[in-house]
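Structure first, commentary second.
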Amino acid sequence: MATNPIVKNGWYMGAWSDEVGRTLLQRWILGRPVCFYRRLDGSVTAIEDRCPHRKYPLSLGRLDGDVIECNYHGYRIDAGGLCVGVAEQPDTPKASVHRFPLVERDGVVWIWTGDVELADPALIPDTGWLGDPGWTHVKGLVPLKSRQVLLVENLLDLTHETFLHPSSIGNASVAATPIDVTSEGDRVSFVRHMVGIEAPPFYEKSMGLTSPIDRWQDGDFYAPGVFILNIRLAPTGTEEPEGFHMKVMYGMTPATETETHDFFALARDYRIDDADLSAFQLEQQLAVMQEDVDALEIQEVMVASEPAGVRESSIRSDVAGIRGRRLLEKMAATEAAVADQAPAPRRSRAAVAGA
């Protein structure tokens, strides 16, 4: 568990669409400060949040049309990251900052932090239900002071619901029911179908279900940072497609090596106009996530302080989590190997002379 793989070549959730407007938004992503904002035409841009002059955060500047004017020395940086002048001065330095590839879809701003040539929008998981009028959802963002891989394992091993969330979504049936795990490409999937079980408190209150019920958990981890859980609940003996359906999405975006942005959306296809139910589900979702945050932040301290070479113990229910971790390790190792083989950038004669 000593490894801490950070994958750059992948689409991560950078923000919810309604977070980004004409106010400059800073968000650290994979150890880099990013400045998000909307252009006058409504499209979103994201550039490195360091002025090329003296590295002052551009997000502390001001917007003039689509151009940011740095609040330190007046460098003017356009939406593509190019310096287009310096306020109150005739000079236009040859300077720029990195512009990140973005895709805005279904209320999500996706960001690519790696090789821009590999940024294929087709790799973004399907989240069409976030905009489907037959569904409604609540959403948010919870900060987590833990490395991303611990959250990946947490979500791929839902047996912890039995022990960590017994008053809301967990009971003994979760840990007692085995899962089927499959892997394909950059995805790890699991299926857990619980039949004839007791209804957990959250589902009793939000759906009016009484025991026994059937509860399905079909999860997909799309490396490097998205998890989607498909849930079905119904009175035992009820055939699909009857029943209550929910989807839970987590966008697990590393802020740094030991901090993670935990984006979430909880969606349902029943009582979609019930505002009270939405408020209750949001309250419960945040309570469950807080229990996870408390556990993962303690786990981060334990993992970070453990001596090297200590072996961990695993059981059958860990299969999906271990596959998710190994997938991230493989992707990070591949990126590192490519970086090692890349030729070092050539320094110009002017740069050498200046040095």
Side-chain angles (χ1 to χ4, degrees), residues 10-21 36 38 42-44 102-112 120-142 155-156 158 169 184-193 200 202-203 205-209 213-235 238-253 261-286 288-289:
W11 291 103
Y12 288 101
M13 286 190 66
W16 292 109
S17 290
D18 58 12
E19 290 185 284
V20 184
F36 293 88
R38 287 193 185 275
S43 61
V44 181
L102 294 181
V103 172
E104 186 173 18
R105 181 185 298 170
D106 302 322
V108 178
V109 178
W110 299 94
I111 186 170
W112 183 277
D120 181 3
L123 299 176
I124 298 174
D126 179 17
T127 58
W129 42 274
L130 286 172
D132 188 331
W135 290 73
T136 190
H137 66 275
V138 295
K139 68 182 192 303
L141 169 60
V142 173
L155 294 170
L156 283 172
L158 295 181
I169 60 174
E184 181 179 358
D186 293 340
R187 183 173 70 181
V188 176
S189 304
F190 69 83
V191 173
R192 173 185 277 118
H193 286 185
F202 172 78
Y203 300 116
K205 295 177 182 178
S206 65
M207 300 171 185
L209 287 171
I213 66 165
D214 296 343
R215 180 185 181 189
W216 297 0
Q217 293 177 326
D218 299 341
D220 296 289
F221 169 53
Y222 300 89
V226 180
F227 176 76
I228 299 176
L229 181 66
N230 297 285
I231 302 170
R232 175 182 179 263
L233 298 110
T238 304
E239 297 293 330
E240 177 69 1
E242 296 299 318
F244 300 91
H245 299 87
M246 301 177 65
K247 293 177 181 288
V248 188
M249 180 177 75
Y250 289 90
M252 302 168 285
T253 304
H261 301 298
D262 193 359
F263 294 91
F264 72 90
L266 174 66
R268 66 179 188 271
D269 70 349
Y270 59 95
R271 294 167 57 187
I272 60 176
D273 297 321
D274 191 333
D276 290 338
L277 177 57
S278 293
F280 170 75
Q281 291 192 331
L282 177 59
E283 178 186 12
Q284 290 292 300
Q285 174 71 11
L286 289 171
V288 168
M289 291 182 69

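Owing to the predicted nature of the structure, the values given are computational and were not obtained by experimental measurement.
- Across all non-hydrogen atoms, the minimal contact from Ser17 to Val108 is OG-N, 3.5 Å.
- Smallest separation of non-hydrogen atoms from Pro121 and Arg105: O-NH1, 3.8 Å.
- At distances below 3.5 Å, at least one donor-acceptor pair connects side-chain atoms of Asp274 with backbone N or O atoms of Leu277.
- The NE2 atom of His137 sits 11.0 Å away from the CG atom of Asp132 when rounded to the nearest 0.5 Å.
- Proximity of Val191 to Trp216: side-chain heavy atoms (C-beta onward) are nowhere separated by under 4.5 Å.
- By the 4.5 Å heavy-atom criterion applied to side chains, Phe202 and Met207 are not counted as neighbours.
- Two residues are said to be in side-chain contact when any heavy atoms from C-beta on lie closer than 4.5 Å; Asp220 and Ser189 meet this criterion.
- When every heavy atom of Phe263 is checked against every heavy atom of Met13, the shortest pair comes out as CE1-O, 3.3 Å.
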Pairs of donor and acceptor atoms involving the side chains of residues 240-247, under 3.5 Å and at least two apart or interchain, shall be tabulated with distances.
{"from": "Glu240", "atom 1": "OE1", "to": "Arg232", "atom 2": "NE", "distance (Å)": "2.5"}
{"from": "Glu240", "atom 1": "OE1", "to": "His245", "atom 2": "NE2", "distance (Å)": "3.2"}
{"from": "Glu240", "atom 1": "OE2", "to": "His245", "atom 2": "NE2", "distance (Å)": "3.2"}
{"from": "His245", "atom 1": "ND1", "to": "Asp269", "atom 2": "OD2", "distance (Å)": "3.1"}
{"from": "Lys247", "atom 1": "NZ", "to": "Asn230", "atom 2": "OD1", "distance (Å)": "2.5"}

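- Here the closest heavy-atom approach between residue Ser278 and residue Val138 is recorded as O-CG1, 3.5 Å.
- Under the 3.5 Å distance criterion, the side-chain polar atoms of Thr253 are left unmatched by any main-chain donor or acceptor of Gly14.
- If you take CE on Met249 and CZ on Phe264, they are separated by 10.5 Å, rounding to the nearest 0.5 Å.
- Of all heavy-atom pairs between Leu155 and Phe190, the closest is O-CE2, 3.9 Å.
- A salt bridge is absent between Glu19 and Lys139: the closest approach of a Lys/Arg side-chain nitrogen to an acidic carboxylate oxygen does not fall below 4.0 angstrom.
- A tilted orientation is assigned to the rings of Phe227 and Tyr250, their planes being inclined by 30° to 60°.
- Using a 4.5 Å cut-off on side-chain heavy atoms (C-beta onward), Ile169 and Tyr203 make contact.
- When ring centroids are compared, Trp11 and Trp112 come within the 6.0 Å threshold.
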Under the side-chain contact (heavy atoms from CB on, under 4.5 Å) rule, what do Ile231 and Leu233 come out as? Steps first, then yes or no, please. CA-CA 7 Å; Ile231 302 170; Leu233 298 110; 3.3 Å; yes

Audit row: Leu102, Val109, side-chain contact (heavy atoms from CB on, under 4.5 Å) steps and yes/no: CA-CA 7 Å; Leu102 294 181; Val109 178; 4.1 Å; yes

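- Summarising the geometry, atom CD1 belonging to Ile228 is positioned 10.0 Å from atom CZ belonging to Arg187; distances are rounded to the nearest 0.5 Å.
- Going from atom CG of Leu209 over to atom CG of Asp214 covers 10.5 Å, rounded to the nearest 0.5 Å.
- Atom CG of residue Leu229 and atom CG of residue Leu158 lie 6.0 Å apart, to the nearest 0.5 angstrom.
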Walk me through whether Trp135 and Tyr270 qualify under side-chain contact (heavy atoms from CB on, under 4.5 Å). CA-CA 7 Å; Trp135 290 73; Tyr270 59 95; over 6 Å; no

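- To the nearest 0.5 Å, atoms CG (Leu130) and OG1 (Thr136) are separated by 10.5 Å.
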side-chain contact (heavy atoms from CB on, under 4.5 Å) between Gln217 and His193, intermediate numbers included: CA-CA 6 Å; Gln217 293 177 326; His193 286 185; over 6 Å; no

Apply the test side chain to side chain donor-acceptor pair (under 3.5 Å) to residues Ser206 and Arg268: give CA-CA distance (whole Å), side-chain angles for both, the deciding distance (0.1 Å), then the verdict. CA-CA 11 Å; Ser206 65; Arg268 66 179 188 271; over 6 Å; no

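- Closest heavy-atom contact between Tyr12 and Gly225: CE2-CA, 4.1 Å.
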